[in-house]
Amino acid sequence: MERAESPLRQLIDRARVYPALAAAHKVALDELVAGPMPGAMVISCSDARVVPAFVMAGCPGDLFELRTYGGRVPPYQAGATTGEARTIEYAVNELKVSDIIVYGHSHCEAVVPVHDRRTTEVTDASDATTATTATGELTAAGHWHVLRQLDALGGYPCVVPLLAAGSLRLHAWFHEMETGTTLAHRPRANAFLPL
């Protein structure tokens with residue numbers, strides 16, 4: 001039986017061709033040394049199945065990323081500096097990003113356990129109506145989770161004055177893994193709709 005190539009070997013091979021890939025995409029690696037100058041920050045789940053920069057066809061320097069379990073943004077606590085808080089402060093105060101996107105996704109393992117505790121379990125998976133309802137509830141739970149993170153982000157002292165001044169915008173996006181579609185929350189419609 002033939003042994004599959006190890007995941008580490010694949011990563012090593014990809015890292016080796018990165019300079020050529022960057023050149024093919026006209027990425028000036030020497031210019032990246034001057035420092036990051038992204039216009040937007042993305043806060044997303046650390047789930048390896050969803051890579052926001054890849055979904056948005058980003059290049060090095062385009063996005064400043066913060067990836068956490070479930071894309072969680074801890075509520076701000078004065079005097080309790082967390083890695084997440086410091087990363088948000090750096091993006092806002094030093095990089096002067098104009099947009100922060102909280103980017104959730106379907107089938108998020110951080111949302112599924114919360115959803116399971118709040119709802120009854122689907123008892124008959126062959127019942128299409130029940131399965132559809134459960135899927136809809138899980139999607140709604142994912143949307144709600146993203147909005148909760150956005151609310152937490154809006155409570156950071158470095159964010160509040162910039163929101164008031166209109167120089168910073170917060171966005172809630174949700175990626176549907178099964179279709180590849182990204183939805184944006186539209187407050188006026190109170191719904192997540194395709195970009």
Side-chain angles (χ1 to χ4, degrees), residues 7 10-11 14 18 21-22 25 27 36 38-75 82-85 87-88 90-92 95 97-119 122 125 128 131-156 159 163 168-195:
Q10 292 173 2
L11 296 174
R14 290 177 194 158
Y18 173 70
L21 183 63
H25 288 280
V27 174
M41 176 182 195
V42 176
I43 300 173
S44 65
C45 183
S46 53
D47 191 321
R49 299 172 296 172
V50 179
V51 182
F54 182 76
V55 172
M56 296 176 213
C59 287
D62 287 350
L63 297 171
F64 187 69
E65 295 187 65
L66 170 61
R67 298 191 68 171
T68 67
Y69 176 73
R72 290 192 172 135
V73 177
T82 64
E84 295 91 347
T87 302
I88 292 164
Y90 178 74
V92 170
L95 298 177
V97 296
S98 59
D99 294 275
I100 301 178
I101 302 161
V102 176
Y103 194 80
H105 66 92
S106 61
H107 308 285
C108 181
E109 296 297 323
V111 174
V112 173
V114 172
H115 177 265
D116 288 347
R117 285 194 303 270
R118 294 174 186 244
T119 63
V122 176
T132 301
T133 301
T135 301
E137 289 174 357
L138 192 54
T139 298
H143 292 178
W144 175 79
H145 177 76
V146 171
L147 293 174
R148 274 191 67 202
Q149 308 321 304
L150 197 70
D151 285 345
L153 180 60
Y156 276 67
V159 169
L163 287 175
L168 178 65
R169 294 173 299 275
L170 304 183
H171 310 273
W173 289 9
F174 188 82
H175 181 75
E176 294 179 338
M177 289 175 49
E178 52 279 357
T179 65
T181 302
T182 297
L183 310 173
H185 183 256
R186 307 287 186 209
R188 289 187 179 149
N190 194 25
F192 280 82
L193 302 172
L195 289 173

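- Residues M41 and V92 have side chains not in contact (no heavy-atom distance under 4.5 Å, counting atoms from C-beta outward).
- At a threshold of 4.5 Å between non-hydrogen side-chain atoms, the residues Y156 and V73 count as touching.
- Across L95 and P38, no two heavy atoms sit closer than the pair CD1-CG, 4.0 Å.
- Counting all heavy atoms, side chain and backbone alike, P74 lies closest to E84 at CD-CB, 3.7 Å.
- In this structure, W144 and R148 have side chains that are in contact, with non-hydrogen atoms separated by less than 4.5 Å.
- Under the 4.5 Å side-chain criterion, counting only non-hydrogen atoms from C-beta, V42 is in contact with M56.
- Separation of atoms OG (S44) and NE2 (H105) is listed at 8.0 Å; rounding is to 0.5 Å.
- Once rounded to the nearest 0.5 Å, the distance linking CG of L153 with CD1 of I88 reads 5.5 Å.
- In this structure, S46 contributes its side chain and R67 its backbone to no donor-acceptor pair below 3.5 Å.
- The shortest heavy-atom contact between A48 and V51 is O-CG2, 3.9 Å.
- L163 and G154 make their closest contact through CD1-CA, 4.4 Å (heavy atoms, listed as atom of the first residue, atom of the second, distance).
- Under the side-chain contact (heavy atoms from CB on, under 4.5 Å) criterion, E176 pairs with F174, E178, T179, T181, L183, sequence neighbours left out.
- The salt bridge (Lys or Arg N to Asp or Glu O under 4.0 Å) search around D151 returns none, not counting sequence neighbours.
- The two residues L63 and A53 come nearest to each other via the heavy atoms CD1-CA, 3.8 Å.
- The ring pair (Phe, Tyr, Trp, His ring centres under 6.0 Å) search around Y90 returns F64, not counting sequence neighbours.
- For H185, the ring pair (Phe, Tyr, Trp, His ring centres under 6.0 Å) partners are F192, not counting sequence neighbours.
- A172 and V146 make their closest contact through CB-CG1, 3.6 Å (heavy atoms, listed as atom of the first residue, atom of the second, distance).
- Residue pairs meeting the side chain to side chain donor-acceptor pair (under 3.5 Å) criterion with at least one member in residues 48-59, sequence neighbours excluded, are D47-R49.
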Between Q149 and I43, is the side-chain contact (heavy atoms from CB on, under 4.5 Å) condition met? List the steps. CA-CA 9 Å; Q149 308 321 304; I43 300 173; over 6 Å; no
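- Residues forming a side-chain contact (heavy atoms from CB on, under 4.5 Å) with T182 (at least two apart in sequence, or on another chain): V55, Y103, W173, H175, L195.
- Residue I101 holds its CD1 atom at 10.0 Å from CD of E65, rounded to the nearest 0.5 Å.
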